Amino acid sequence: SAALSRFNDLREIADKNGISVADMANNYAKLQVALSNTGISAGQTVKALDFISTTMATTGKATQQVNAVMLQLSQALSSGALQGDEFRSVYENAPEILQAWREAIGKSDVALRELSSTGQLTTESFFKYLDVIQQTVVAQTGLTEPADTVARGLERLKNAFVGLIQESTSASLPIQALATTLNVLAAALDELIVLAAAFAAAKSLQKGADLANKAFTSLIDNINGGTA
């Protein structure tokens, strides 16, 4: 189905950058609804999400930062302009994107905050100049593959789990319903990971306590043997 094909595109991007495919699908669904009457295609939306997440991941941002900025920028693009809290979040965590955006619209001499407050960082301009913005960021940062981390590895593991269930249960769902399903699955997997980590920690503590007890017992036996 079209939804499954789109999910696979988003999954590839999410795995490449070590971020949540559920969050990616959710952001995509929100954007598609908001942009449905603008002439911006699904392919352009996917391209934008790929660019944003890759820029964040390859410039050293943590997984949680990537997901947070993806959400903030997606919400801003859905509303029509980047302003307020969304602007502040992107300004703090992804200044490379904003600086390239400013250059693309020919406002290099204008402060980014002024561009935001006067409503000049619009969804229309972002998608209109997306290729230019991306080229500028690549030239300035030399985007490469993001470094592997434990957090990114865990996200890829979650994505694989979600993907297996999605393929068997949600192939016929539209993308909005699919995004909701994926978020539920991801939340459930988060719970399992936390429980597994807690169990592993408890087992480790118990093992340490057992070793300490054996060492203490041995010490007492040696003392008793030495004084016998």
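Keep in mind the model is a prediction, meaning the values are calculated, not measured.
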Which pairs of donor and acceptor atoms, one on a side chain in residues 83-90, lie under 3.5 Å apart (sequence neighbours left out)?
unit_1 : atom_1 : unit_2 : atom_2 : d
Gln83  : NE2    : Ser116 : O      : 3.0
Asp85  : OD1    : Arg88  : NH2    : 2.3

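- At a cut-off of 3.5 Å, with distance as the only test, a side-chain donor of Lys16 or Thr54 sits close to an acceptor on the other residue.
- The main-chain N or O of Asp23 is found under 3.5 Å from a side-chain atom of Asn27 such that the two form a donor-acceptor pair.
- In terms of modelled atom types and a separation under 3.5 Å, the side chain of Asp15 and the main chain of Asn159 share no donor-acceptor contact.
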Please report, to 0.1 Å, the donor-acceptor pairs under 3.5 Å made by any side chain of residues 103-112, with sequence neighbours excluded.
unit_1 : atom_1 : unit_2 : atom_2 : d
Glu103 : OE2    : Gln140 : NE2    : 3.4

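- Shown here are the side-chain hydrogen bond (donor to acceptor under 3.5 Å, both in side chains) partners of Thr118, two or more places apart in sequence or in another chain: Gln120.
- Side-chain contact between Ser74 and Leu49 is present, with at least one heavy-atom pair separated by less than 4.5 Å.
- Annotation for Leu130 and Phe51: closest pair CD1-CD2, 3.8 Å, computed over non-hydrogen atoms.
- Separation of atoms CG (Leu73) and CE (Met56) is listed at 9.5 Å; rounding is to 0.5 Å.
- Among residues at least two apart or in separate chains, salt bridge (Lys or Arg N to Asp or Glu O under 4.0 Å) pairs with a member in residues 54-74 are Lys61-Glu96.
- Scored by the side-chain hydrogen bond (donor to acceptor under 3.5 Å, both in side chains) test, Thr122 finds Ser125 as partners (sequence neighbours excluded).
- Between Phe126 and the choices Leu121, Leu82, Leu77, the side-chain contact (heavy atoms from CB on, under 4.5 Å) rule is met once, by Leu77.
- Residue pairs satisfying the salt bridge (Lys or Arg N to Asp or Glu O under 4.0 Å) criterion with at least one member in residues 32-48, sequence neighbours excluded, are listed as follows: Lys47-Asp131.
- Between the side chain of Arg152 and the backbone N or O of Ala57, at least one donor-acceptor pair lies under 3.5 Å.
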